[in-house]
Novice: 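One structure, as C-alpha coordinates, below. Some questions next.
So you know, we letter chains A, B, ... as the sequences are listed, proteins then strands, and number each from 1.
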There are 2 protein chains.
Amino acid sequence: MEMNDDIKERLKECGLKNTKHRKAILDFMFCSRVPASAEQVYIQMNGQGTSIDLSTVYRTLETLREKGLLIKHDRLNDTRALYEYNRMEHKHYLVCLGCNKMLPIKDCPLAEYERALEKATNFVIAGHKLDIFGYCAECQEKGLQE
Amino acid sequence: MEMNDDIKERLKECGLKNTKHRKAILDFMFCSRVPASAEQVYIQMNGQGTSIDLSTVYRTLETLREKGLLIKHDRLNDTRALYEYNRMEHKHYLVCLGCNKMLPIKDCPLAEYERALEKATNFVIAGHKLDIFGYCAECQEKGLQE
DNA sequence: ATTGCAAATGCAAGTCATTTGCAATATACA
DNA sequence: TGTATATTGCAAATGACTTGCATTTGCAAT
Ligand SMILES: [Zn+2]
Ligand SMILES: [Zn+2]
Ligand SMILES: [Zn+2]
Ligand SMILES: [Zn+2]
(Lines give C-alpha, C1' and ligand atoms only; values in the text may rest on other atoms or scores of the structure.)
(Ligands and ions follow the chains in the order given, each with its own letter.)
Protein backbone atom coordinates (compact mmCIF):
# COMPACT_ATOMS: atom_id res chain seq x y z
CA MET A 1 0.00 0.00 0.00
CA GLU A 2 1.35 3.34 -0.99
CA MET A 3 0.52 5.46 2.00
CA ASN A 4 1.83 2.80 4.31
CA ASP A 5 5.17 2.73 2.54
CA ASP A 6 5.29 6.47 2.76
CA ILE A 7 4.66 6.33 6.50
CA LYS A 8 7.34 3.70 6.90
CA GLU A 9 9.75 5.91 5.00
CA ARG A 10 9.02 8.89 7.22
CA LEU A 11 9.71 6.87 10.35
CA LYS A 12 13.03 5.75 8.94
CA GLU A 13 14.01 9.30 8.03
CA CYS A 14 13.46 10.23 11.65
CA GLY A 15 15.63 7.43 12.97
CA LEU A 16 12.66 5.67 14.49
CA LYS A 17 12.14 1.94 14.37
CA ASN A 18 9.24 0.86 12.24
CA THR A 19 6.97 -0.87 14.71
CA LYS A 20 3.39 -1.86 14.06
CA HIS A 21 2.22 0.50 16.79
CA ARG A 22 3.93 3.52 15.39
CA LYS A 23 2.90 2.72 11.87
CA ALA A 24 -0.71 2.21 12.94
CA ILE A 25 -0.82 5.44 14.94
CA LEU A 26 0.86 7.56 12.30
CA ASP A 27 -1.38 6.02 9.68
CA PHE A 28 -4.47 6.86 11.70
CA MET A 29 -3.28 10.40 12.38
CA PHE A 30 -2.55 10.87 8.70
CA CYS A 31 -6.06 9.82 7.74
CA SER A 32 -7.85 11.72 10.50
CA ARG A 33 -8.82 15.20 9.46
CA VAL A 34 -9.41 16.39 13.02
CA PRO A 35 -6.99 16.43 15.94
CA ALA A 36 -7.29 13.44 18.27
CA SER A 37 -6.55 12.87 21.95
CA ALA A 38 -4.33 10.08 23.26
CA GLU A 39 -7.39 8.30 24.54
CA GLN A 40 -9.16 8.54 21.21
CA VAL A 41 -6.11 7.05 19.53
CA TYR A 42 -5.98 4.34 22.19
CA ILE A 43 -9.62 3.40 21.61
CA GLN A 44 -9.19 3.47 17.85
CA MET A 45 -6.11 1.24 17.97
CA ASN A 46 -7.59 -1.38 20.23
CA GLY A 47 -10.84 -1.23 18.29
CA GLN A 48 -9.07 -1.97 15.05
CA GLY A 49 -7.12 -4.90 16.42
CA THR A 50 -3.84 -3.11 17.14
CA SER A 51 -3.52 -3.99 20.83
CA ILE A 52 -1.57 -1.26 22.59
CA ASP A 53 -1.17 0.21 26.05
CA LEU A 54 -2.29 3.76 26.78
CA SER A 55 1.16 4.73 28.02
CA THR A 56 2.61 3.57 24.73
CA VAL A 57 0.15 5.78 22.91
CA TYR A 58 1.32 8.75 24.95
CA ARG A 59 4.96 7.90 24.35
CA THR A 60 4.43 7.38 20.65
CA LEU A 61 2.51 10.60 20.14
CA GLU A 62 5.19 12.52 21.96
CA THR A 63 7.98 10.87 19.98
CA LEU A 64 6.27 11.65 16.70
CA ARG A 65 5.78 15.22 17.81
CA GLU A 66 9.44 15.60 18.70
CA LYS A 67 10.31 14.47 15.19
CA GLY A 68 7.93 16.98 13.71
CA LEU A 69 5.52 14.41 12.30
CA LEU A 70 2.69 15.53 14.57
CA ILE A 71 1.52 18.82 16.02
CA LYS A 72 0.41 18.98 19.63
CA HIS A 73 -2.41 21.25 20.73
CA ASP A 74 -1.96 21.82 24.41
CA ARG A 75 -5.35 21.63 26.13
CA LEU A 76 -7.18 24.48 24.54
CA ASN A 77 -10.19 24.36 26.79
CA ASP A 78 -10.66 20.67 27.44
CA THR A 79 -8.39 19.05 29.95
CA ARG A 80 -6.64 16.84 27.44
CA ALA A 81 -4.13 17.55 24.69
CA LEU A 82 -4.89 16.87 21.04
CA TYR A 83 -2.49 15.75 18.32
CA GLU A 84 -2.75 15.95 14.57
CA TYR A 85 -0.67 14.98 11.57
CA ASN A 86 1.68 17.80 10.61
CA ARG A 87 0.83 18.73 7.02
CA MET A 88 3.07 21.75 7.17
CA GLU A 89 0.18 24.08 6.56
CA HIS A 90 -0.54 27.34 8.25
CA LYS A 91 -3.96 27.04 9.84
CA HIS A 92 -6.20 28.25 12.58
CA TYR A 93 -8.96 26.48 14.45
CA LEU A 94 -12.53 26.93 15.34
CA VAL A 95 -12.81 25.31 18.75
CA CYS A 96 -16.24 24.27 20.00
CA LEU A 97 -16.78 25.19 23.64
CA GLY A 98 -19.56 22.60 23.88
CA CYS A 99 -17.86 19.44 22.63
CA ASN A 100 -14.23 20.55 22.17
CA LYS A 101 -14.24 19.61 18.52
CA MET A 102 -11.59 21.49 16.52
CA LEU A 103 -12.39 22.57 13.00
CA PRO A 104 -9.32 23.58 11.00
CA ILE A 105 -9.51 26.78 8.95
CA LYS A 106 -7.04 27.04 6.10
CA ASP A 107 -7.71 30.69 5.50
CA CYS A 108 -5.62 33.23 7.42
CA PRO A 109 -6.94 36.76 7.88
CA LEU A 110 -3.73 38.20 9.27
CA ALA A 111 -1.13 38.53 6.52
CA GLU A 112 -1.99 42.12 5.71
CA TYR A 113 -2.42 43.00 9.37
CA GLU A 114 1.00 41.62 10.25
CA ARG A 115 2.67 43.81 7.67
CA ALA A 116 0.95 46.88 9.07
CA LEU A 117 1.89 45.83 12.58
CA GLU A 118 5.56 45.43 11.67
CA LYS A 119 5.66 49.00 10.46
CA ALA A 120 3.80 50.32 13.47
CA THR A 121 5.82 48.51 16.12
CA ASN A 122 9.31 47.79 14.75
CA PHE A 123 8.82 44.15 15.59
CA VAL A 124 9.97 41.58 13.09
CA ILE A 125 7.03 39.21 13.08
CA ALA A 126 7.76 35.52 12.97
CA GLY A 127 4.31 34.01 13.30
CA HIS A 128 1.11 33.92 15.25
CA LYS A 129 -1.36 31.65 16.94
CA LEU A 130 -5.06 32.24 16.53
CA ASP A 131 -7.85 30.15 17.97
CA ILE A 132 -11.47 31.09 17.62
CA PHE A 133 -13.97 29.80 20.15
CA GLY A 134 -17.65 29.19 19.72
CA TYR A 135 -20.38 26.58 19.43
CA CYS A 136 -20.79 24.17 16.56
CA ALA A 137 -24.12 23.50 14.86
CA GLU A 138 -24.80 20.33 16.88
CA CYS A 139 -24.07 21.99 20.19
CA GLN A 140 -26.31 24.88 19.29
CA GLU A 141 -29.14 22.40 18.78
CA LYS A 142 -28.44 20.85 22.13
CA GLY A 143 -28.85 24.33 23.58
CA LEU A 144 -25.31 24.49 24.87
CA GLN A 145 -24.52 27.88 23.40
CA GLU A 146 -25.33 30.04 26.41
CA MET B 1 -8.57 52.64 51.92
CA GLU B 2 -10.31 53.46 48.68
CA MET B 3 -9.39 50.49 46.52
CA ASN B 4 -10.30 48.16 49.34
CA ASP B 5 -13.77 49.61 49.62
CA ASP B 6 -14.11 49.31 45.90
CA ILE B 7 -13.18 45.63 46.07
CA LYS B 8 -15.63 45.09 48.89
CA GLU B 9 -18.33 46.73 46.82
CA ARG B 10 -17.63 44.50 43.83
CA LEU B 11 -17.92 41.39 45.97
CA LYS B 12 -21.27 42.57 47.27
CA GLU B 13 -22.54 43.30 43.78
CA CYS B 14 -21.77 39.71 42.88
CA GLY B 15 -23.67 38.33 45.83
CA LEU B 16 -20.46 37.07 47.44
CA LYS B 17 -19.73 37.32 51.11
CA ASN B 18 -16.96 39.71 51.99
CA THR B 19 -14.38 37.44 53.56
CA LYS B 20 -10.81 38.38 54.32
CA HIS B 21 -9.60 35.67 51.93
CA ARG B 22 -11.58 36.90 49.00
CA LYS B 23 -10.74 40.50 49.67
CA ALA B 24 -7.05 39.70 49.94
CA ILE B 25 -7.01 37.62 46.76
CA LEU B 26 -9.00 40.08 44.68
CA ASP B 27 -6.87 42.90 46.00
CA PHE B 28 -3.71 41.09 45.01
CA MET B 29 -5.06 40.23 41.58
CA PHE B 30 -6.10 43.82 41.04
CA CYS B 31 -2.63 45.09 41.86
CA SER B 32 -0.73 42.41 39.95
CA ARG B 33 0.01 43.43 36.40
CA VAL B 34 0.81 39.89 35.29
CA PRO B 35 -1.43 36.82 35.43
CA ALA B 36 -0.82 34.58 38.46
CA SER B 37 -1.29 30.87 39.14
CA ALA B 38 -3.23 29.46 42.09
CA GLU B 39 0.03 28.42 43.67
CA GLN B 40 1.53 31.88 43.28
CA VAL B 41 -1.54 33.36 44.92
CA TYR B 42 -1.30 30.77 47.70
CA ILE B 43 2.34 31.61 48.36
CA GLN B 44 1.63 35.33 48.26
CA MET B 45 -1.29 35.05 50.69
CA ASN B 46 0.51 32.95 53.24
CA GLY B 47 3.62 35.11 52.84
CA GLN B 48 1.66 38.26 53.63
CA GLY B 49 0.00 36.81 56.71
CA THR B 50 -3.32 35.81 55.16
CA SER B 51 -3.29 32.14 56.12
CA ILE B 52 -5.30 30.17 53.59
CA ASP B 53 -5.59 26.66 52.25
CA LEU B 54 -4.64 25.91 48.63
CA SER B 55 -8.06 24.43 47.94
CA THR B 56 -9.65 27.65 49.10
CA VAL B 57 -7.44 29.56 46.70
CA TYR B 58 -8.65 27.36 43.86
CA ARG B 59 -12.26 27.75 44.91
CA THR B 60 -11.95 31.49 45.33
CA LEU B 61 -10.26 32.05 41.97
CA GLU B 62 -12.93 29.99 40.26
CA THR B 63 -15.74 31.81 42.04
CA LEU B 64 -14.33 35.18 41.09
CA ARG B 65 -13.97 34.01 37.52
CA GLU B 66 -17.58 32.84 37.41
CA LYS B 67 -18.64 36.28 38.52
CA GLY B 68 -16.54 37.86 35.81
CA LEU B 69 -14.09 39.53 38.16
CA LEU B 70 -11.16 37.47 36.91
CA ILE B 71 -10.09 36.04 33.57
CA LYS B 72 -8.69 32.55 33.41
CA HIS B 73 -5.89 31.73 31.00
CA ASP B 74 -6.00 28.00 30.56
CA ARG B 75 -2.44 26.70 30.68
CA LEU B 76 -0.68 28.82 28.12
CA ASN B 77 2.50 26.84 27.80
CA ASP B 78 3.05 25.90 31.38
CA THR B 79 0.95 23.13 32.86
CA ARG B 80 -0.98 25.40 35.18
CA ALA B 81 -3.74 27.91 34.61
CA LEU B 82 -3.21 31.62 35.19
CA TYR B 83 -5.74 34.15 36.42
CA GLU B 84 -5.77 37.89 36.04
CA TYR B 85 -7.99 40.73 37.08
CA ASN B 86 -10.61 41.38 34.43
CA ARG B 87 -10.17 44.95 33.28
CA MET B 88 -12.75 44.45 30.56
CA GLU B 89 -10.33 45.11 27.73
CA HIS B 90 -10.11 43.05 24.58
CA LYS B 91 -6.45 42.79 23.69
CA HIS B 92 -3.84 40.78 21.95
CA TYR B 93 -0.14 40.59 22.55
CA LEU B 94 2.99 40.89 20.51
CA VAL B 95 5.29 38.43 22.21
CA CYS B 96 9.04 38.78 21.73
CA LEU B 97 10.71 35.44 21.15
CA GLY B 98 14.04 36.93 22.22
CA CYS B 99 13.23 38.46 25.59
CA ASN B 100 9.60 37.34 26.20
CA LYS B 101 8.45 40.91 26.49
CA MET B 102 4.72 41.27 25.83
CA LEU B 103 3.48 44.34 24.01
CA PRO B 104 -0.28 44.76 24.36
CA ILE B 105 -2.23 45.63 21.23
CA LYS B 106 -5.61 47.16 21.82
CA ASP B 107 -6.54 46.98 18.17
CA CYS B 108 -8.32 43.84 16.99
CA PRO B 109 -8.27 42.87 13.31
CA LEU B 110 -10.86 40.10 13.57
CA ALA B 111 -14.33 41.52 14.05
CA GLU B 112 -15.19 41.51 10.36
CA TYR B 113 -13.55 38.15 9.83
CA GLU B 114 -15.53 36.55 12.63
CA ARG B 115 -18.79 37.59 11.07
CA ALA B 116 -17.79 36.07 7.74
CA LEU B 117 -16.68 32.92 9.51
CA GLU B 118 -20.00 32.52 11.31
CA LYS B 119 -21.79 32.53 8.01
CA ALA B 120 -19.37 30.13 6.39
CA THR B 121 -19.27 27.57 9.21
CA ASN B 122 -22.54 27.69 11.16
CA PHE B 123 -20.55 28.17 14.32
CA VAL B 124 -21.74 30.73 16.82
CA ILE B 125 -18.54 32.51 17.68
CA ALA B 126 -17.96 33.47 21.27
CA GLY B 127 -14.44 34.85 21.17
CA HIS B 128 -10.87 34.31 20.10
CA LYS B 129 -7.33 34.27 21.27
CA LEU B 130 -4.56 35.75 19.17
CA ASP B 131 -0.90 35.98 20.01
CA ILE B 132 1.63 37.29 17.55
CA PHE B 133 5.25 36.23 17.88
CA GLY B 134 8.33 38.04 16.70
CA TYR B 135 11.42 39.98 17.72
CA CYS B 136 11.40 43.41 19.28
CA ALA B 137 13.70 46.21 18.12
CA GLU B 138 16.28 45.56 20.87
CA CYS B 139 16.46 41.87 20.17
CA GLN B 140 16.89 42.53 16.48
CA GLU B 141 19.94 44.64 17.30
CA LYS B 142 21.35 41.89 19.44
CA GLY B 143 21.01 39.64 16.40
CA LEU B 144 18.62 37.29 18.09
CA GLN B 145 16.18 37.14 15.25
CA GLU B 146 17.33 33.80 13.86
C1' DA C 1 -26.02 42.32 70.96
C1' DT C 2 -27.88 37.64 69.87
C1' DT C 3 -29.19 34.16 66.92
C1' DG C 4 -29.93 31.21 62.82
C1' DC C 5 -28.57 29.60 58.72
C1' DA C 6 -26.48 29.58 54.28
C1' DA C 7 -22.06 30.37 52.52
C1' DA C 8 -17.13 29.83 53.13
C1' DT C 9 -13.19 27.32 54.87
C1' DG C 10 -9.59 23.70 56.21
C1' DC C 11 -8.28 19.27 55.86
C1' DA C 12 -7.90 14.92 53.87
C1' DA C 13 -8.94 12.14 50.32
C1' DG C 14 -10.16 11.65 45.54
C1' DT C 15 -9.79 12.63 40.20
C1' DC C 16 -7.85 12.38 36.01
C1' DA C 17 -4.58 13.17 32.31
C1' DT C 18 -0.09 12.22 31.77
C1' DT C 19 4.60 10.33 33.07
C1' DT C 20 7.96 7.05 34.65
C1' DG C 21 10.66 2.77 36.39
C1' DC C 22 11.59 -1.51 35.04
C1' DA C 23 11.48 -6.06 33.23
C1' DA C 24 10.07 -8.33 29.02
C1' DT C 25 10.00 -8.09 24.00
C1' DA C 26 10.72 -6.62 19.32
C1' DT C 27 13.62 -4.46 15.72
C1' DA C 28 17.60 -3.37 12.91
C1' DC C 29 21.57 -4.63 11.14
C1' DA C 30 26.01 -7.00 11.10
C1' DT D 1 21.13 -16.07 13.52
C1' DG D 2 22.93 -13.17 17.21
C1' DT D 3 23.07 -9.12 19.73
C1' DA D 4 22.92 -4.29 21.01
C1' DT D 5 19.45 -1.05 21.41
C1' DA D 6 14.89 0.77 20.98
C1' DT D 7 10.18 -0.12 22.18
C1' DT D 8 6.49 -1.91 24.91
C1' DG D 9 3.24 -3.33 28.82
C1' DC D 10 2.23 -3.00 33.36
C1' DA D 11 1.93 -0.88 37.64
C1' DA D 12 2.90 2.77 40.31
C1' DA D 13 3.82 7.70 40.60
C1' DT D 14 2.99 12.58 39.59
C1' DG D 15 0.87 16.94 39.77
C1' DA D 16 -2.76 20.16 39.10
C1' DC D 17 -6.91 20.49 40.50
C1' DT D 18 -11.54 19.00 42.87
C1' DT D 19 -14.61 17.33 46.37
C1' DG D 20 -16.84 15.51 50.79
C1' DC D 21 -17.57 16.72 55.13
C1' DA D 22 -17.27 18.74 59.63
C1' DT D 23 -16.37 23.29 61.41
C1' DT D 24 -16.35 28.24 61.20
C1' DT D 25 -17.84 32.72 59.61
C1' DG D 26 -20.59 36.55 57.51
C1' DC D 27 -24.68 38.79 57.66
C1' DA D 28 -29.31 39.86 58.32
C1' DA D 29 -33.36 39.40 61.00
C1' DT D 30 -34.60 39.46 65.57
ZN1 LIG E 1 -19.80 21.27 19.55
ZN1 LIG F 1 -2.69 32.86 10.36
ZN1 LIG G 1 12.87 41.23 22.68
ZN1 LIG H 1 -9.36 40.34 18.92
Novice: Nearest whole angstrom, please: distance from the C1' of C/dT18 to the CD of A/Gln40.
Specialist: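 The distance from CD of A/Gln40 to C1' of C/dT18 comes to 16 Å, rounded to the nearest Å.
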Novice: For residues B/Cys14 and B/Leu69, determine if any side-chain heavy atom of one lies less than 4.5 Å from a side-chain heavy atom of the other.
Specialist: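 Yes. Closest side-chain heavy atoms under 4.5 Å.
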Novice: Rounded off to whole Å, could you give me the CD-to-P distance for the A/Glu66 and C/dT19 pair?
Specialist: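 Rounded to the whole Å, the gap is 11 Å.
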Novice: Starting the side chain at C-beta, find the nucleotide from C/dA17, D/dT8, D/dG20 nearest to A/Arg80.
Specialist: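 The nucleotide sitting nearest to the side chain is C/dA17.
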Novice: Would you confirm whether A/Asn122, through its side chain, and B/Cys136, through its main-chain N or O, come within 3.5 Å as a donor-acceptor pair?
Specialist: no
Novice: Heavy-atom nearest nucleotide on DNA chain D for A/Ser51 versus B/Lys12: which residue maps closer to 5'?
Specialist: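 Mapping each residue to its closest nucleotide by heavy atoms, the 5'-most match is A/Ser51.
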Novice: Can a side chain N or O of A/Thr60 be found less than 4.0 Å away from OP1 or OP2 on D/dT8?
Specialist: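 Yes, because at least one side-chain N or O of A/Thr60 sits under 4.0 Å from OP1 or OP2 of D/dT8.
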Novice: Select base, sugar-phosphate, or nothing to describe what B/Thr63 touches, counting heavy atoms under 4.0 Å on all strands.
Specialist: nothing
Novice: How close or far is atom C1' of D/dT8 from atom CG of A/Leu61, stated in whole angstroms?
Specialist: 14 Å
Novice: Does C/dT18 have its OP1 or OP2 closer than 4.0 Å to a side-chain nitrogen or oxygen of A/Ser55?
Specialist: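 A/Ser55 to C/dT18 OP1/OP2: no side-chain N or O under 4.0 Å.
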Novice: Using a heavy-atom cut-off of under 4.0 Å over every strand shown, decide if A/Ser37 touches base, sugar-phosphate, or nothing.
Specialist: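 Answer is nothing: A/Ser37 stays at 4.0 Å or more from every strand.
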Novice: Taking only the side-chain nitrogens and oxygens of A/His21, find out if one of them lies under 4.0 Å from OP1 or OP2 of D/dG9.
Specialist: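 Looking at the OP1 and OP2 atoms of D/dG9, one of them is under 4.0 Å from a side-chain N or O of A/His21.
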Novice: Tell me, please, whether A/Phe30 has A/Arg87 positioned over its six-membered ring: NZ or CZ under 6.0 Å from the ring centre and within 45 degrees of its axis?
Specialist: yes
Novice: For D/dC27, which nucleotide is its Watson-Crick or G-U wobble mate, given both distances must be under 3.5 Å?
Specialist: C/dG4
Novice: If you find the nucleotide of DNA chain D closest to B/Leu54 and the one closest to B/Lys20, which residue's nucleotide is nearer the 5' end?
Specialist: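 Its nucleotide being nearer the 5' end, the pick is B/Leu54.
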Novice: Are any of the side-chain nitrogens in A/Arg115 or A/Glu112 under 4.0 Å away from the carboxylate oxygens of its partner?
Specialist: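 Looking at A/Arg115 and A/Glu112, the cut-off is met.
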Novice: Take atom CG of B/Leu64 and atom P of C/dT9, then tell me their distance rounded to the nearest Å.
Specialist: 10 Å
Novice: Given C/dT18, D/dA16, C/dA7, which nucleotide is nearest the side-chain atoms of B/Lys17?
Specialist: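 The nucleotide sitting nearest to the side chain is C/dA7.
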Novice: To the nearest angstrom, how far is B/Lys23 atom NZ from C/dA7 atom C1'?
Specialist: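 Whole-Å distance recorded here is 17 Å.
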Novice: Rounded to whole angstroms, how far apart are CG on A/Leu11 and C1' on C/dA26?
Specialist: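 In whole Å, C/dA26 C1' lies 15 Å from A/Leu11 CG.
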Novice: Does C/dG10 have its OP1 or OP2 closer than 4.0 Å to a side-chain nitrogen or oxygen of B/Thr56?
Specialist: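 So the side chain of B/Thr56 is within the cut-off, an N or O lying under 4.0 Å from OP1 or OP2 of C/dG10.
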Novice: Below 4.0 angstrom, N of the basic side chain to O of the carboxylate: do A/Arg59 and A/Glu62 qualify?
Specialist: no
Novice: Does OP1 or OP2 of C/dT19 have a side-chain N or O of A/Tyr58 closer than 4.0 Å?
Specialist: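 So the side-chain polar atoms of A/Tyr58 never come under 4.0 Å of the phosphate oxygens OP1 or OP2 of C/dT19.
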Novice: Can you tell me which nucleotide in C/dA28, C/dT18, D/dG9 comes closest to the side chain of A/Ala81?
Specialist: C/dT18
Novice: Could you give the OH-to-C1' distance, from B/Tyr42 to D/dC17, as a whole number of Å?
Specialist: 14 Å
Novice: Find the distance A/Asp74:CG to C/dT18:P and express it as a whole number of Å.
Specialist: 9 Å
Novice: How far apart are the C-alpha atoms of B/Thr19 and B/Leu11, what are their side-chain angles, what is the distance that settles it, and do they pass the side-chain contact (heavy atoms from CB on, under 4.5 Å) test?
Specialist: CA-CA 9 Å; B/Thr19 71; B/Leu11 288 174; over 6 Å; no
